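To start, the structure under review is shown below, and the notes come after it.
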Amino acid sequence: MEFYKILEMWYLNNKRNLPWRNSSNPYFIWLSEIILQQTRIQQGLDYYKVFTEHYPTVQDLANASEDEVLKDWQGLGYYSRARNLHFSAQYICNELNGKFPTTYKELLKLKGVGDYTASAIASICFNEKTAVVDGNVYRVLSRYFNIDMPINSPKGIKYFKELAQELIQNAHPKEYNQAIMDFGAMVCKPQNPTCETCVLADGCIAKAKNLISSLPVKEKKLKVKNKFFNFIVIDNGDLTVIEKRTGNGIWKNLYQFPLIETNKPVDEETLLKHDFFKNHEFKNMDIALYNPEPWIHKLTHQHLHTHFWIINTKHIENFELTAWKNIDDFAVPKLIHNFLEEYKTK
DNA sequence: TATTCGTGGTC
DNA sequence: TGACCAAGAAT
């Protein structure tokens, strides 16, 4: 039996029951695909529920503010996804008269929609034969056909896309694309794949050559930077100070306490010499280090060594103030959220 | 085109 | 426990 047919049959009997699979509405499929980029289904489920309930149509999403959308995205990470989702919703409503794009080519024009997502929506909603290539597909194909070309090299990306595109030619695109992804997630897993009961085992070259654990091949070029964050938590009992992050780095457009970044851990004396305290005078202030041991927040490319400094003062000048009771209205990074959860109970 | 963008799970 | 991975995309 052909490759695609085995997967389609397997899918018929083993597919997962996921909320967006009850729909062919491109708006819902789009939401699910953006939420699931680089994200496990279990982690995305609650967010899918919130977004479909809070923004039942693309118009509702377009009418919301970015702050509102980011608040609902809080905790999921890769926040450009939320900003692009909101931007593209407005683009669809304003430029496309609310009509969702219906082809791979047009879907690609949406911010935040790349080759994978355009292929997924085009195949699932419009039956277009565009093969998805995600982490699951790389794994299944590299093993079954024993391909050791690095999946994150330009040649590898092109090669796997072309192979996937060949394999979908005689298939039902909607079912086949979801089949190979489910199969990769449930059977041909990164670790401990269940080769003993695998329906593709007979033709799997990597299994025959005992190469399963070494495929797929990925070039690793990850260097982690250490950064040192000092958050200034100003507190007069009722009010505090938070700022919106600008620029193009992490957590763009999320909120945080005023931040002093240093190139190494600093003590109180050194911290107080920073420009921040030259620009802002605190009368009768009392400063205390909240966490003597740094919280090390680990991101993919950076380790953030974080200290929270509490400034108790009755006189806060030259700041925009935020009431503690309203602090939960703002979208904050997980790191700040964790701090708030601890701090407000004290 | 190499780098950057979060958070959580797995072993 | 640190390395790897997760329905990738933008720059």
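All values derive from a computational prediction rather than experimental measurement. Reckoned from all heavy atoms, side chains included, excluding hydrogens, waters and symmetry mates.
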Between [N] atom [atom2] and [X] atom [atom1], what is the distance in whole Å?
X: A/I336; N: B/dT7; atom1: CD1; atom2: P; value: 10 Å
X: A/F160; N: C/dA7; atom1: CZ; atom2: C1'; value: 17 Å
X: A/I296; N: B/dT7; atom1: CD1; atom2: C1'; value: 17 Å
X: A/K218; N: B/dA2; atom1: NZ; atom2: P; value: 15 Å
X: A/K189; N: C/dC4; atom1: NZ; atom2: C1'; value: 16 Å
X: A/K161; N: C/dG8; atom1: NZ; atom2: C1'; value: 12 Å
X: A/M186; N: B/dG9; atom1: CE; atom2: C1'; value: 17 Å
X: A/L299; N: B/dG6; atom1: CG; atom2: C1'; value: 6 Å

Establish, with yes or no, whether the OP1 or OP2 oxygen of [N] is under 4.0 angstrom from a side-chain nitrogen or oxygen of [X].
X: A/Q38; N: C/dA6; value: no
X: A/K252; N: B/dC5; value: no
X: A/K298; N: B/dT7; value: no
X: A/T117; N: C/dA9; value: yes
X: A/H297; N: B/dT7; value: yes
X: A/Q302; N: B/dC5; value: yes
X: A/Y79; N: B/dT7; value: yes
X: A/K223; N: B/dT4; value: no
X: A/W73; N: B/dT7; value: no

- Query: Has the side chain of A/Y116 got a donor or acceptor atom sitting under 3.5 Å from an opposite partner on the base of C/dG8?
  - Reply: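 No.
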
- Message: Any donor-acceptor pair, under 3.5 Å, between the side chain of A/R40 and the base of C/dC5, if you only look at N and O atoms?
- Response: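 Pair found.
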
- Item | Where at least one partner belongs to residues 3-36 of chain A, residue pairs that pass ring-ring contact (aromatic ring centres under 6.0 Å, His included), sequence neighbours excluded |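 ring-ring contact (aromatic ring centres under 6.0 Å, His included) check on residues 3-36 of chain A returns A/F3-A/Y144, A/F3-A/F145, A/W10-A/F183, A/W20-A/Y48, A/W30-A/F100.
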
- Task: With DNA chain C as reference, determine whether A/L18 or A/L110 sits nearer its 5' end, using the nearest nucleotide of each.
- Result: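 Mapping each residue to its closest nucleotide by heavy atoms, the 5'-most match is A/L18.
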
- Would you confirm whether A/D148, through its side chain, and A/L215, through its main-chain N or O, come within 3.5 Å as a donor-acceptor pair?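 No: the side chain of A/D148 does not pair with the backbone of A/L215.
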
- Task: Starting from the 5' end of DNA chain B, give me the residue, A/V332 or A/Q191, whose nearest nucleotide shows up first.
- Result: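 Its nearest nucleotide lies further toward 5', so the answer is A/V332.
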
- Message: Here's a test of your reading of the structure: between A/H301 and A/Q43, which maps to the more 5' nucleotide of DNA chain B?
- Response: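 Nearest nucleotide further toward 5': that of A/H301.
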
Check every atom of [options] against the side chain of [X] and return the nucleotide holding the closest atom.
X: A/Y78; options: B/dG6, C/dA7, C/dA6; result: B/dG6
X: A/Q37; options: B/dG6, C/dG8, C/dA7; result: C/dG8
X: A/E33; options: B/dG6, C/dA7, C/dA6; result: C/dA7

- Message: Say we look at C/dT11 and C/dA7: how far apart would their C1' atoms be, to the nearest angstrom?
- Response: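 My reading of the C1' atoms in C/dT11 and C/dA7 gives 22 Å.
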
- Query: On a whole-Å scale, what distance lies between the P atoms belonging to B/dT1 and C/dG8?
  - Reply: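 That atom pair is separated by 22 Å.
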
- Task: For the residue pair A/R81 and A/T39, confirm or rule out a side-chain donor-acceptor distance under 3.5 Å.
- Result: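 The answer is yes; a qualifying pair exists.
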
Which part of the nucleic acid, if any, lies within reach of [X] when heavy atoms closer than 4.0 Å are counted: base, sugar-phosphate only, or nothing?
X: A/P190; result: sugar-phosphate
X: A/I35; result: nothing
X: A/I250; result: sugar-phosphate
X: A/G184; result: nothing
X: A/V113; result: sugar-phosphate
X: A/R21; result: base
X: A/S80; result: nothing
X: A/G44; result: nothing
X: A/N177; result: nothing
X: A/K225; result: sugar-phosphate

- Message: Tell me whether the NZ or CZ atom of A/K264 lies within the 45° cone about the ring axis of A/F228 and under 6.0 Å from its centre.
- Response: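 Not flagged: A/K264 not positioned over aromatic ring of A/F228.
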
- Are more than 12 heavy atoms from other residues, nucleotides or ligands located less than 6.0 Å from atom NZ of A/K15?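 No, because the 6.0 Å sphere around NZ of A/K15 holds 12 heavy atoms or fewer from other groups.
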
- Query: In Å and rounded to the nearest 0.5 Å, what is the CG to CD distance from A/L85 to A/Q90?
  - Reply: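 The distance works out to 11.0 Å.
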
- Query: Is the A/Y290 to A/F231 ring centre distance short of 6.0 Å?
  - Reply: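 For A/Y290 and A/F231, the ring centres are not under 6.0 Å apart.
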
- Item | Any side-chain heavy-atom pair of A/P193 and A/V187 under 4.5 Å |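 Contact flag for A/P193/A/V187 side chains = no.
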
